[in-house]
Amino acid sequence: MEKALLDFVTAKTNDLLAAPSACQEVKAAATAWLAAVGTEKEAEETAKYIAELETDIMPIDDLIAFGQTELALSIFGAEGVKGLQAHAQELKDSGAKYCDCPACAACKAILDRKAEML
């Protein structure tokens with residue numbers, strides 16, 4: 001992987017690891033990828049990392065549906081859920097395909113460069 005791309009993906013991976021909304025599975029894949037950079041396992045871990053990113057990025061319709069669940073209500077409270085639902089609908093109306101939380105934003109930034117990584 002060329003240095004500029006590696007630097008970009010590493011920075012976005014660190015953003016992902018710092019995101020409170022990132023799930024444990026994507027954090028594990030990110031950590032494994034970082035550990036494999038520069039080794040004979042880099043290509044294998046890159047493919048696994050990309051697969052996990054594709055699994056974990058939340059499509060906007062899923063975000064809208066999540067905003068209607070009891071889990072969302074328990075996490076965000078009534079006012080927070082209203083804000084989440086409004087924000088998710090604004091994203092969809094603007095043409096967004098994915099959630100824009102810090103974790104999903106980092107996933108999207110990396111996935112946008114997937115072809116270069118493989």
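Reckoned from all heavy atoms, side chains included, excluding hydrogens, waters and symmetry mates. Along the sequence shown, residues carry numbers from 1.
Between the E42 side chain and the G38 main chain, a donor and an acceptor come within less than 3.5 Å of each other.
A distance of 7.5 Å separates OG1 of T46 from CG of L118, quoted to the nearest 0.5 Å. In this structure, the separation between CD on E45 and CG on L34 is 10.5 Å, given to the nearest 0.5 Å. Taking CG of L17 as the reference point, atom OG1 of T31 lies at 4.5 Å (rounded to 0.5 Å). From L91, atom CG reaches atom CD of Q89 across 9.5 Å, with rounding to the nearest 0.5 Å. Expressed to the nearest 0.5 Å, how far CE of M1 lies from CG of D7 amounts to 11.0 Å. T10 OG1 to I110 CD1: the interatomic distance, rounded to the nearest 0.5 Å, is 9.0 Å.
Residue pairs meeting the ring-ring contact (aromatic ring centres under 6.0 Å, His included) criterion with at least one member in residues 78-118: none, sequence neighbours excluded. Listed by first then second residue, pairs satisfying ring-ring contact (aromatic ring centres under 6.0 Å, His included) with a partner in residues 29-57 read W33-Y49, not counting sequence neighbours.
With sequence neighbours excluded, no residue forms a side chain to side chain donor-acceptor pair (under 3.5 Å) with E90. The side chain to side chain donor-acceptor pair (under 3.5 Å) search around K114 returns E54, not counting sequence neighbours. In this view, D15 and K12 satisfy the salt bridge (Lys or Arg N to Asp or Glu O under 4.0 Å) rule, not counting sequence neighbours.
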Exercise for review: Could you check C107 against L16 for side-chain contact (heavy atoms from CB on, under 4.5 Å), going step by step and ending with a plain yes or no?
Suggested key: CA-CA 7 Å; C107 287; L16 178 60; 4.1 Å; yes
Exercise for review: Start with the C-alpha distance between K3 and L6, add both sets of side-chain angles, then the distance that settles side-chain contact (heavy atoms from CB on, under 4.5 Å), and finish with yes or no.
Suggested key: CA-CA 5 Å; K3 182 170 177 9; L6 180 60; 5.5 Å; no
Give every donor-acceptor pair under 3.5 Å between a side-chain atom in residues 58-70 and any protein atom, sequence neighbours left out.
{"from": "D61", "atom 1": "OD1", "to": "K92", "atom 2": "NZ", "distance (Å)": "2.6"}
{"from": "T69", "atom 1": "OG1", "to": "F66", "atom 2": "O", "distance (Å)": "2.7"}
{"from": "T69", "atom 1": "OG1", "to": "A72", "atom 2": "N", "distance (Å)": "3.1"}

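What you find for P102 and A19 is that their closest heavy atoms are CB-CB, 3.8 Å.
For K108, the NZ atom is loosely surrounded, since the number of other residues' heavy atoms within 6.0 Å does not exceed 12.
Using a 4.0 Å cut-off between a side-chain N of Lys or Arg and a carboxylate O of Asp or Glu, K48 and E44 qualify as a salt bridge.
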